[in-house]
Amino acid sequence: MERVTGIHWYAALRSCFPILTWLPRYNLTWLKMDLIAGLTVGLTTVPQALAYAEVAGLPVQYGLYSAFMGGFIYCVFGTSKDITLGPTAIMSLLCSAYISGDPVFAVVLTLLCGVIQAGMALLRLGFLLDFISYPVIKGFTCAAAVTIGFGQVKNILGLKEIPQQFFLQVYYTFHKIPEARVGDVILGLCCLFFLVMLTLMKNSLGSSEDEAPLLVRSARRLVWSLATIRNALVVIAATAVAYSAEVTGHHFFSLTGKTAKGLPPFKAPPLSETVANGTVITFSDIAKDLGGGLAVIPLMGVLESIAIAKAFASKNNYRIDANQELFAIGLTNIMGSFVSAYPVTGSFGRTAVNSQTGVCSPAGGVITGVIVLLSLAFLMPLFFYIPKASLAAVIICAVSPMIDFRVPVQLWRVKRIDLLPFLVTFVVSFWEVQYGIVGGVVVSGFMLLYIVARPKVKVSDHGVLLLELDSGLNFPVTEHLSRLVYKHALHASPPRCLVLDCSHVSSIDFTVVHELTELLKQIELRGVSMIFAGLKPSVLKVLLTADLPGFRHTDGVDEALQLLTSINHYEQQF
């Protein structure tokens with residue numbers, strides 16, 4: 001008995017701390033692969049984190065502040081070996097709409113997001129994500145990619161004072177093209193060119209055969225590795241060019257500028273802020289200003305991360321625990337608020353790099369976190385010289401794969417009505433991203449409610465009428481069902497008997513019972529009959545308890561049809 005209790009306790013402990021499932025099996029081979037993967041992802045994370053902070057409207061160091069905590073927390077609490085948590089393009093865009101470039105608002109948002117996500121995990125509320133349909137997700141990601149990508153054109157051109165709102169951004173970007181800086185344009189286009197070429201090289205090498213000689217395979221592996229860390233290579237090269245220009249007194253490029261030095265202090269997140277004029281903004285004021293972001297950002301963060309985790313778990317033949325993932329993300333954000341991070345989630349691009357380089361456990365994220373911390377500790381002064389055009393090129397290349405032109409074609413072929421939530425989300429997201437998501441969810445909800453309220457009912461004539469319901473009976477269906485009965489049976493001349501096939505009805509509510517009572521009264525007044533066929537035991541119990549007038553039922557449709565046919569035949573004789 002004690003042994004069984006001990007096994008149960010250990011199983012419960014492993015479910016809370018997934019590290020216990022893989023740590024006892026950890027070995028030197030895994031350590032080698034995790035070191036390689038963690039180093040590679042780290043070299044990808046640093047330039048992306050700097051760039052995504054720009055998207056969020058924060059100083060670049062906040063991207064790095066947000067990029068290391070996830071590796072340490074997820075190693076203990078995560079259930080996917082591949083996923084990496086950190087700042088992403090979509091999360092940065094969403095945050096920018098609520099924090100208005102204020103680091104205090106960003107940190108408070110991180111804390112509250114973490115609390116909400118952890119609370120959802122403890123209450124097992126992960127099912128809420130099921131109400132965000134695939135067309136809504138794709139419409140949002142496509143619009144976000146266009147918004148983020150075009151938002152970086154100003155940095156490629158070296159333009160200043162461009163508004164954040166998308167339509168104004170488009171207008172003023174084209175309006176100010178004559179003010180473009182030649183140095184930024186040339187450097188930005190060169191960075192874009194090299195990033196695209198390295199991406200194409202990596203993709204072509206990834207599909208090549210392994211039957212080549214050893215020397216050729218080694219060369220391919222080297223080129224593939226360099227292409228994998230292309231973001232870091234391009235940013236380093238661009239920084240070297242910019243530094244050379246600056247020390248010779250030539251200011252050709254728009255630079256990142258002054259950044260905070262060293263590691264962020266580990267301290268409780270600020271719950272209030274004093275602005276320049278001495279006004280104190282309280283925690284409740286901050287939470288009120290964040291408003292809808294406290295719903296949109298936690299949900300989208302969880303949705304993005306769990307979708308990525310599931311995709312790579314399926315690809316690499318293992319399973320994840322969605323609620324545990326939710327808890328890991330929530331705890332990462334809570335702890336991240338203590339080091340001035342803004343909200344994070346899973347990154348598809350960095351997760352793909354992690355998986356492709358052969359990571360064996362979540363410990364690879366620890367190596368990535370260490371790389372980010374080393375960058376904060378020793379490289380921050382050099383980040384002053386990073387050209388904004390190079391970071392813009394990194395962002396544009398990172399978000400371009402999110403624009404999937406195949407999705408609307410697939411929706412058109414499979415189910416055209418699903419284009420509606422996709423298009424609503426896509427179009428409205430250019431006005432405000434959060435409104436696009438809400439609009440898409442609302443449209444999807446109305447479509448779902450319409451299907452529930454107007455199920456397909458097949459009406460056929462077998463001497464008596466047969467009404468076959470293809471879904472359940474719930475209160476929105478009552479009016480529709482009544483109209484069909486009146487139209488095909490009670491208003492016919494003469495009134496006709498009918499069979500209601502309820503084999504697909506698994507539940508019933510009081511509104512339906514009340515409507516059926518009224519229907520049976522009208523049927524009895526007109527001297528005809530209605531038989532319920534194929535009722536499930538739970539539904540039959542409810543109907544028997546309701547004591548419906550003239551209620552009759554049979555086990556099957558054929559039996560009901562035979563019974564009513566024989567009744568009709570008897571009535572015609574007498």
Side-chain angles (χ1 to χ4, degrees), residues 44-68 86-103 105-107 109-110 144-166 168-169 172-173 176 180-181 183-185 187-189 191-192 195 231-232 234-236 238-239 242 253-260 264 297 340-345 347 349-350 372 375-376 379-380 382-400 402 433:
T44 303
T45 299
V46 172
Q48 281 194 344
L50 296 171
Y52 292 151
E54 179 84 13
V55 175
L58 295 168
V60 292
Q61 65 266 21
Y62 282 88
L64 294 178
Y65 294 167
S66 309
F68 65 85
T88 66
I90 288 178
M91 191 58 61
S92 301
L93 178 66
L94 286 171
C95 290
S96 69
Y98 294 100
I99 62 178
S100 302
D102 190 331
F105 274 61
V107 174
L109 178 59
T110 307
V146 174
T147 303
I148 295 166
F150 191 85
Q152 295 306 309
V153 172
K154 65 178 185 291
N155 288 327
I156 294 285
L157 299 176
L159 301 178
K160 307 290 185 184
E161 298 179 356
I162 301 294
Q164 290 296 319
Q165 210 282 332
F166 179 75
L168 292 175
Q169 198 173 75
Y172 280 101
T173 298
K176 291 191 173 187
R181 294 166 58 101
D184 286 324
V185 173
L187 182 64
L189 292 177
C191 290
L192 278 173
L195 285 169
N231 292 334
V234 166
V235 171
I236 290 170
T239 304
F253 311 109
S254 300
L255 304 180
T256 298
K258 188 176 181 180
T259 57
I297 292 177
S340 303
Y342 69 89
V344 302
T345 184
S347 164
R350 296 195 295 273
V372 175
S375 299
L376 280 166
L379 300 180
M380 290 304 288
L382 296 178
F383 293 159
F384 178 96
Y385 297 99
I386 296 178
K388 289 186 177 181
S390 64
L391 295 180
V394 168
I395 293 172
I396 291 171
C397 287
V399 300
S400 57
M402 292 161 51
V433 174

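Here the structure is a predicted model, which is why all the values come from computation and not from measurement.
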Measuring from [X]:[atom1] to [Y]:[atom2], what's the distance to the nearest 0.5 Å?
X: Ile90; Y: Tyr52; atom1: CD1; atom2: OH; answer: 9.5 Å
X: Phe384; Y: Leu255; atom1: CZ; atom2: CG; answer: 6.0 Å
X: Thr147; Y: Leu93; atom1: OG1; atom2: CG; answer: 6.0 Å
X: Ile156; Y: Lys388; atom1: CD1; atom2: NZ; answer: 13.0 Å
X: Ser96; Y: Met91; atom1: OG; atom2: CE; answer: 11.5 Å
X: Leu192; Y: Ser400; atom1: CG; atom2: OG; answer: 9.0 Å

I'd like to know if the side chain of [X] reaches the main chain of [Y], judged simply by a donor and an acceptor atom lying under 3.5 Å from each other, with no hydrogens or angles considered.
X: Thr44; Y: Arg350; answer: no
X: Thr110; Y: Ala341; answer: yes
X: Ser347; Y: Thr88; answer: no
X: Asp184; Y: Ser254; answer: yes
X: Lys176; Y: Lys160; answer: yes

Step by step, work out the side-chain contact (heavy atoms from CB on, under 4.5 Å) result for Thr256 and Leu50.
CA-CA 9 Å; Thr256 298; Leu50 296 171; over 6 Å; no
Could you please spell out the steps behind the side-chain contact (heavy atoms from CB on, under 4.5 Å) verdict for Val55 and Gln152?
CA-CA 8 Å; Val55 175; Gln152 295 306 309; 3.7 Å; yes
Kindly indicate, with the supporting measurements, whether the criterion side-chain contact (heavy atoms from CB on, under 4.5 Å) is fulfilled by Val394 and Gln48.
CA-CA 7 Å; Val394 168; Gln48 281 194 344; 4.1 Å; yes
Val46 and Phe383: side-chain contact (heavy atoms from CB on, under 4.5 Å), yes or no, with the steps?
CA-CA 11 Å; Val46 172; Phe383 293 159; 4.1 Å; yes
What are the two closest non-hydrogen atoms of [X] and [Y], and how far apart are they?
X: Pro343; Y: Ala106; result: CD-O, 4.0 Å
X: Val107; Y: Ser340; result: CG2-CA, 3.6 Å
X: Phe253; Y: Gly183; result: CE2-O, 3.3 Å
X: Phe166; Y: Phe150; result: CE1-CB, 4.1 Å

Atom OH of Tyr172: over 12 foreign heavy atoms under 6.0 Å:
no
